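Note that these values count all heavy atoms, side chains included, but never hydrogens, waters or copies made by symmetry. Predicted model, so just to flag it, every value in this text is computed and none were measured.
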Amino acid sequence: MRILVTGASGLLGLNLALEAAHEHTVFGATNKAPLKSDAFSVLQADLLEPGACQRLLDAAQPDWVIHCAALANIDACEKDPEQARKLNNEVPAKLAEHVARGGARMLHVSTDAVFDGEQGNYTELDTPNPLSVYASTKLEGERGILNANSDAVVARVNLFGWSMTGKRSLAEFFFYNLQSGKRMNGFTDVYFCPLLANDLARVFLKMLSLELSGLYHVVSSECLTKFDFGQRIAQRFDLDGTLISPLSVYESGLTAARSPRLTLNTNKLTNAMGEKPPSVDSGLDKFYDQFKCGYPDMIKGFGNQ
Ligand SMILES: NC(=O)c1ccc[n+]([C@@H]2O[C@H](COP(=O)([O-])OP(=O)(O)OC[C@H]3O[C@@H](n4cnc5c(N)ncnc54)[C@H](OP(=O)(O)O)[C@@H]3O)[C@@H](O)[C@H]2O)c1
């Protein structure tokens with residue numbers, strides 16, 4: 001298959017493009033970030049520019065488009081809600097229209113943060129209640145996609161992994177601070193179910209091969225607090241977990257509201273795939289093995305032009 005991955009310089013997009021390139025012809029689209037790769041073809045486009053979606057599709061001629069590009073920084077969305085609305089809401093709907101017209105299929109990446117986190121164990125039938133600009137623009141994006149293209153897949157995710165900047169995932173935050181002996185906080189009252197980006201990529205590829213459509217929760221089969229996640233990273237890398245201080249998110253002074261219990265039910269995905277998505281521990285084992293094999297430096301190298 002020919003697969004176009006937008007946001008290919010991002011945490012998810014780059015790991016996904018590399019995973020997909022083992023079996024498919026991949027086109028990775030970036031905006032401002034320099035990106036070079038022998039594993040996939042790099043395309044450049046600012047998706048906010050008129051005609052950019054069609055130009056990308058013309059260049060890649062994809063069977064599938066996996067749309068990872070977004071304004072994914074929660075605080076940046078609070079600072080610039082108009083930019084968040086354009087990137088997280090308008091662009092996905094426009095892209096979905098073009099993709100449907102051209103006869104390709106689309107998988108759109110959304111977020112667990114569409115829920116307010118009061119209830120937990122959310123299914124695809126539960127009603128979202130976004131608390132931040134990021135979450136509400138992502139929810140509008142989901143609706144725009146499914147209105148424009150009823151064949152599309154919308155995947156609500158949470159992930160960790162190694163990124164080109166070394167700063168995009170919570171796992172990198174814990175690891176690099178622990179490695180340099182710095183103290184940091186870990187929230188004891190924010191639950192999530194993160195998947196390793198590479199595991200998430202493989203689940204996506206399986207979803208494409210099964211020709212799924214509609215809304216899916218694509219997170220780990222295991223959920224934990226952010227504090228516990230930091231502790232598991234410390235254990236896995238044999239670093240000093242006492243550097244992570246337990247803290248309540250309500251005492252943290254963060255700009256945008258965070259949902260406390262972002263635990264998503266993955267039964268729909270498990271039934272469709274015939275297997276559960278991977279656990280946090282198996283993802284952390286691979287995250288550690290990747291570190292041992294020089295994967296973080298390899299990933300950073302994609303940005304060195
Ligand atoms: N990271 C998480 O924990 C998490 C959790 C839940 C959901 N998600 C969702 O997963 C997806 C991927 O997130 P991520 O963490 O990988 O994001 P990321 O690392 O911030 O990457 C964002 C990507 O979007 C691209 N982009 C931004 N503005 C663009 C524009 N105007 N035109 C074209 N491309 C543009 C960026 O390209 P440049 O770098 O070239 O600007 C970059 O490649 C997003 O939809 C996000 O909402 C992420």
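- Below 30°, between 30° and 60°, or above 60°: for Phe160 and Phe229 the angle between ring planes is above 60°, a perpendicular geometry.
- Considering all non-hydrogen atoms of both residues, Leu146 and Ala152 come closest at CD2-O, 3.9 Å.
- One N or O on the side chain of Lys206 and one on the backbone of Met273 form a donor-acceptor pair closer than 3.5 Å.
- At distances below 3.5 Å, at least one donor-acceptor pair connects side-chain atoms of Asp126 with backbone N or O atoms of Thr123.
- Remark: the Asn15 side chain and the Tyr295 side chain contain an N/O donor-acceptor pair separated by less than 3.5 Å.
- In this structure a side-chain-to-backbone donor-acceptor pair under 3.5 Å is present from Glu78 to Val133.
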Next item on the list: Start with the C-alpha distance between Glu172 and Lys167, add both sets of side-chain angles, then the distance that settles salt bridge (Lys or Arg N to Asp or Glu O under 4.0 Å), and finish with yes or no.
Entry: CA-CA 6 Å; Glu172 291 173 306; Lys167 293 179 182 161; over 6 Å; no
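- At least one donor-acceptor pair closer than 3.5 Å links the side chain of Gln61 to the backbone N or O of Asp58.
- Ring centroids of Phe287 and Phe175 are separated by 6.0 Å or more, keeping the two rings apart.
- When the options Glu142, Lys138, Gln83, Glu140 are evaluated for a side-chain contact (heavy atoms from CB on, under 4.5 Å) with Asn88, the one that passes is Lys138.
- The minimum heavy-atom distance between Arg183 and Thr242, with the atom names listed, is NH1-O, 3.4 Å.
- Side-chain atoms of Tyr122 never come within 3.5 Å of backbone atoms of Thr127 as a donor-acceptor pair (strictly under, hydrogens ignored).
- Pairing each heavy atom of Ala45 with each of Ala52, the nearest pair is CB-CB, 4.5 Å.
- Put simply, the side chain of Ser110 never gets that close to the backbone of Val154: no donor and acceptor are under 3.5 Å apart.
- In terms of heavy-atom proximity, Ser252 sits nearest to Phe187 at CB-CE2, 3.5 Å.
- Note on Arg156 versus Glu124: no salt bridge recorded, every NZ/NE/NH1/NH2 to OD/OE distance being 4.0 Å or above.
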*asked:* For Tyr191 and Asp228: C-alpha separation, side-chain torsions, deciding distance, then whether side-chain hydrogen bond (donor to acceptor under 3.5 Å, both in side chains) applies.
replied: CA-CA 9 Å; Tyr191 289 78; Asp228 288 337; over 6 Å; no
| field | Residues Leu196, Gln290; criterion side chain to side chain contact (heavy atoms under 4.5 Å, CB included); working and verdict | value | CA-CA 11 Å; Leu196 180 69; Gln290 288 175 329; 4.1 Å; yes
**Asked** Would Arg236 and Asp285 satisfy salt bridge (Lys or Arg N to Asp or Glu O under 4.0 Å), going step by step from the backbone distance to the final call?
**Response** CA-CA 7 Å; Arg236 196 66 200 81; Asp285 285 347; 2.7 Å; yes
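- No side-chain donor-acceptor contact under 3.5 Å links Glu97 to the backbone of Ala148.
- The heavy-atom pair separating Pro62 from Ala104 by the smallest distance is O-CB, 3.3 Å.
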After noting the C-alpha distance and the side-chain angles of Thr137 and Asn89, does the key distance pass the side-chain hydrogen bond (donor to acceptor under 3.5 Å, both in side chains) rule? CA-CA 6 Å; Thr137 56; Asn89 178 358; over 6 Å; no
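- A distance of 12.5 Å separates CG in Asn31 from CG in Leu43, rounded to the nearest 0.5 Å.
- Minimum interatomic distance between Gly120 and Thr263 (heavy atoms only, all atoms of both residues): CA-OG1, 3.3 Å.
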